[in-house]
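These notes are about the structure you will find just below.
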Amino acid sequence: MTAIFNDQLGYDTLDVMIDVDDVIVPWFETVDAACRARWGDPAEPCTTWHMWDTWGKTRDEWAEVVIEATHNGLYTTVDPLPGAVEAINRIRWYG
């Protein structure tokens with residue numbers, strides 16, 4: 001990371017990128033629940049990022065569920081993980 005002098009503010013700033021999935025919102029848990037709602041319970045618990053394998057579906061079939069969950073508020077209506085908002089605010093407050 002490199003600090004950049006911000007002419008408008010008069011001091012160095014730092015651009016920060018934050019991963020949202022399972023850092024800010026419980027993505028895996030939410031998508032797993034959406035898959036359960038669509039297809040019922042899998043034979044084995046889902047423990048991999050290749051969730052479609054657990055469900056015996058194609059990646060495209062699984063992606064449809066993810067897209068639908070996103071349209072239904074995955075990133076806007078799901079409560080953030082405990083402490084996530086506070087952590088982002090600390091980053092912002094400390095520049």
Side-chain angles (χ1 to χ4, degrees):
M1 292 189 286
T2 304
I4 299 168
F5 185 77
N6 186 313
D7 290 325
Q8 290 178 323
L9 296 175
Y11 55 85
D12 288 346
T13 61
L14 184 65
D15 291 333
V16 176
M17 182 184 301
I18 300 172
D19 184 4
V20 175
D21 302 335
D22 286 332
V23 174
I24 306 302
V25 297
W27 185 92
F28 190 97
E29 177 183 305
T30 304
V31 171
D32 187 54
C35 290
R36 288 175 189 280
R38 173 80 57 98
W39 299 311
D41 290 334
E44 298 286 325
C46 188
T47 59
T48 174
W49 283 105
H50 294 198
M51 295 172 90
W52 55 90
D53 290 336
T54 298
W55 296 97
K57 303 294 181 182
T58 67
R59 187 175 180 177
D60 289 341
E61 290 172 312
W62 172 81
E64 287 178 21
V65 174
V66 174
I67 291 167
E68 184 177 308
T70 302
H71 285 258
N72 289 334
L74 171 59
Y75 295 106
T76 58
T77 62
V78 174
D79 288 337
L81 293 168
V85 172
E86 295 80 5
I88 292 170
N89 283 334
R90 277 195 307 278
I91 292 169
R92 183 172 53 92
W93 291 330
Y94 290 109

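Remember, predicted model here, so these are calculated numbers, not experimental data.
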Quiz prompt | Results of side chain to side chain donor-acceptor pair (under 3.5 Å) for W62 - residues two or more places apart only | solution = none
Practice problem: Not counting sequence neighbours, which residues clear side chain to side chain donor-acceptor pair (under 3.5 Å) with E61? List them please. | Solution: T58
Quiz prompt | Any pair counted as salt bridge (Lys or Arg N to Asp or Glu O under 4.0 Å), so long as it reaches residues 36-52, sequence neighbours left out | solution =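 Output for this query lists D32-R36, R36-D41, R38-E68.
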Self-check item: Residues in side chain to side chain contact (heavy atoms under 4.5 Å, CB included) contact with I67, at least two apart in sequence or another chain
Solution: H71
Quiz item: Which residues pass the side chain to side chain contact (heavy atoms under 4.5 Å, CB included) test with H50, sequence neighbours left out?
Solution: T48, W52, D53
Quiz item: Can you tell me how far CD1 of I18 sits from CD1 of I24, rounded to the nearest 0.5 angstrom?
Solution: 5.5 Å
Quiz item: Atom OG1 in T47, atom CZ in F28: separation rounded to 0.5 Å?
Solution: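 Answer rounded to 0.5 Å: 6.5 Å.
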Side-chain donor-acceptor contacts of residues 74-83 below 3.5 Å, not counting sequence neighbours, with atom names and distances?
{"from": "Y75", "atom 1": "OH", "to": "D21", "atom 2": "OD1", "distance (Å)": "2.6"}
{"from": "Y75", "atom 1": "OH", "to": "W27", "atom 2": "NE1", "distance (Å)": "3.2"}
{"from": "T77", "atom 1": "OG1", "to": "G73", "atom 2": "O", "distance (Å)": "2.8"}

Quiz item: With a 4.5 Å heavy-atom cut-off, do V25 and T30 have their side chains touching?
Solution: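 No. Closest side-chain heavy atoms not under 4.5 Å.
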Quiz item: So W55 and W39, would you call those rings parallel, tilted or perpendicular, with 30° and 60° as cut-offs?
Solution: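 Because their plane-to-plane angle lies in the 30° to 60° range, the rings of W55 and W39 count as tilted.
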Quiz item: Is it true that V85 and W93 fall in one hydrophobic cluster, defined by side-chain heavy atoms closer than 4.5 Å?
Solution: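 Different clusters: V85 never reaches W93 through Ile, Leu, Val, Met, Phe, Trp or Tyr contacts under 4.5 Å.
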